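Position 1 is the first residue of the sequence; numbering continues from there. The structure presented is a predicted model; accordingly, all values stated were derived computationally and were not measured.
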Amino acid sequence: MTIPYSIQFFTDWHTGASLPKGQLNSTVIKDHDNFPYLPGRTMKGLLRDAATQIHAIDPAKVTQSFIDDVFGRTEDQTRNRYDFADTSFTNAEMGQELRSAITTSNKPFLYRTLASTAIEKDGLAKDKSLRKLEVSIPLLLHGEIHGFPEKENYHSMLAHCFKWVKFLGLNRNRGLGRCLIQLTK
């Protein structure tokens, strides 16, 4: 079974490999057409973490069998190794209609640069601490979960996991990546 979902970002967000480019210390991960996206493996990891936390609080809301069936069983908890589940997550990307409406000349407006620096006790900037981070503007992304098990209550357990994730990407504790993840039709 395929489960479509959407991610609505309300603030700037950053997912990337911390690869420097020019004067930027970290750039947003982009597809071959230079559009930002959220890797499927990132989404799967966020939802696995959410499911594990919810299960620890209320095992009736998210069962261990749901976690094992959707994300794979834990083989070695000390190394975060999992056997493979039949479930796969696609990259979450912008819809085709929006992608088509954006031309090469206005693609740069999908991104901004944020700068930060460390401040010393005396209130002055610490030498060589300036960091520049590329972020994406708030967007609506779409992804799919393929091979989702057709078992009773699994849809509602997945919906609980979606609600648990309220921020994603880098600098979540600084206001980046606030989002709403929902099942779509």
Atom SG of Cys179 and atom CZ of Phe9: how far apart are they, to the nearest 0.5 Å?
5.5 Å
Apply ring pair (Phe, Tyr, Trp, His ring centres under 6.0 Å) to Phe35 and list each qualifying residue two or more places apart in sequence or on a separate chain.
none
If you round to the nearest 0.5 Å, how far is CG of Leu140 from CG of Leu98?
8.5 Å
Measure the SG-OH distance between Cys161 and Tyr5 for me, rounded to the nearest 0.5 Å.
13.0 Å
With rounding to the nearest 0.5 Å, note down the distance linking OG1 in Thr11 to CZ in Phe167.
6.5 Å
Does Ser6 reach the main-chain N or O of Leu141 with its side chain, forming a donor-acceptor pair under 3.5 Å?
no
Looking at OG1 of Thr15 and CG of Leu176, how far apart are the two atoms once the value is rounded to the nearest 0.5 Å?
11.0 Å
Enter the distance from Ile7:CD1 to Leu38:CG here, rounded to the nearest 0.5 Å.
4.5 Å
All side-chain hydrogen bond (donor to acceptor under 3.5 Å, both in side chains) counterparts of Asn91, not counting sequence neighbours:
none
Looking at every non-hydrogen atom in both residues, tell me the closest pair between Met43 and Phe89 and how far apart they are.
CG-CD2, 4.2 Å
Quick one: hydrophobic cluster around Phe10, which other residues, with the 4.5 Å side-chain cut-off, linked directly or via members?
Leu180
Output a table of donor-acceptor pairs, distance under 3.5 Å, between side-chain atoms of residues 52-61 and any protein atom two or more places apart or on a different chain; print 'none' if there are none.
{"unit_1": "Thr52", "atom_1": "OG1", "unit_2": "Arg48", "atom_2": "O", "d": "2.9"}
{"unit_1": "Gln53", "atom_1": "OE1", "unit_2": "Trp164", "atom_2": "NE1", "d": "3.2"}
{"unit_1": "Gln53", "atom_1": "NE2", "unit_2": "Asp49", "atom_2": "OD1", "d": "3.3"}
{"unit_1": "Gln53", "atom_1": "NE2", "unit_2": "Asp49", "atom_2": "OD2", "d": "2.7"}
{"unit_1": "His55", "atom_1": "ND1", "unit_2": "Val62", "atom_2": "O", "d": "2.7"}
{"unit_1": "Asp58", "atom_1": "OD1", "unit_2": "Ala60", "atom_2": "N", "d": "3.2"}

Under the rule for salt bridge (charged side-chain N to carboxylate O under 4.0 Å, His left out), what residues qualify as partners of Lys151, not counting sequence neighbours?
Asp69
By ring pair (Phe, Tyr, Trp, His ring centres under 6.0 Å), which residues pair with Phe66, not counting sequence neighbours?
Tyr154
Would Glu134 and Lys30 count as a side chain to side chain contact (heavy atoms under 4.5 Å, CB included) if you check the C-alpha gap in whole Å, the side-chain angles of each, and the deciding distance to 0.1 Å?
CA-CA 11 Å; Glu134 181 181 51; Lys30 299 174 182 105; 2.8 Å; yes
What residues form a side-chain hydrogen bond (donor to acceptor under 3.5 Å, both in side chains) with Gln96, not counting sequence neighbours?
Ser100
Taking the side chain as every heavy atom from C-beta outward, state whether Pro138 and Asp12 have any atom pair closer than 4.5 Å.
yes
If we only count heavy atoms from C-beta on, is the Gln182 to Phe162 side-chain gap below 4.5 Å?
no
Across all chains, not counting sequence neighbours, the side-chain contact (heavy atoms from CB on, under 4.5 Å) partners of Thr2 are Glu144, His146
Lys166: partners by side-chain hydrogen bond (donor to acceptor under 3.5 Å, both in side chains), with sequence neighbours left out
none
Tell me whether Trp13 contacts the main-chain N or O of Val135 through its side chain, where contact means a donor paired with an acceptor under 3.5 Å.
no
Leu46 side chain near Ile181 side chain, heavy-atom distance below 4.5 Å
no
Taking side chain as C-beta onward, heavy atoms only, is Asn153 less than 4.5 Å from Thr63?
no
What pairs with Phe148 under ring pair (Phe, Tyr, Trp, His ring centres under 6.0 Å), at least two apart in sequence or on another chain?
His155
How close do Leu183 and Ala159 get, heavy atom to heavy atom, and via which atoms?
CD1-CB, 4.3 Å
Going by side-chain hydrogen bond (donor to acceptor under 3.5 Å, both in side chains), name the residues that satisfy it together with Asn106, two or more places apart in sequence or in a different chain.
Thr103
Any side-chain heavy atom of Pro36 within less than 4.5 Å of one from Met94?
yes
Residue pairs passing the side-chain hydrogen bond (donor to acceptor under 3.5 Å, both in side chains) test where at least one lies in residues 32-42, sequence neighbours excluded:
Asp33-Arg99
Can you name the nearest heavy-atom pair linking Thr87 to Val70, along with the distance?
CB-O, 3.2 Å
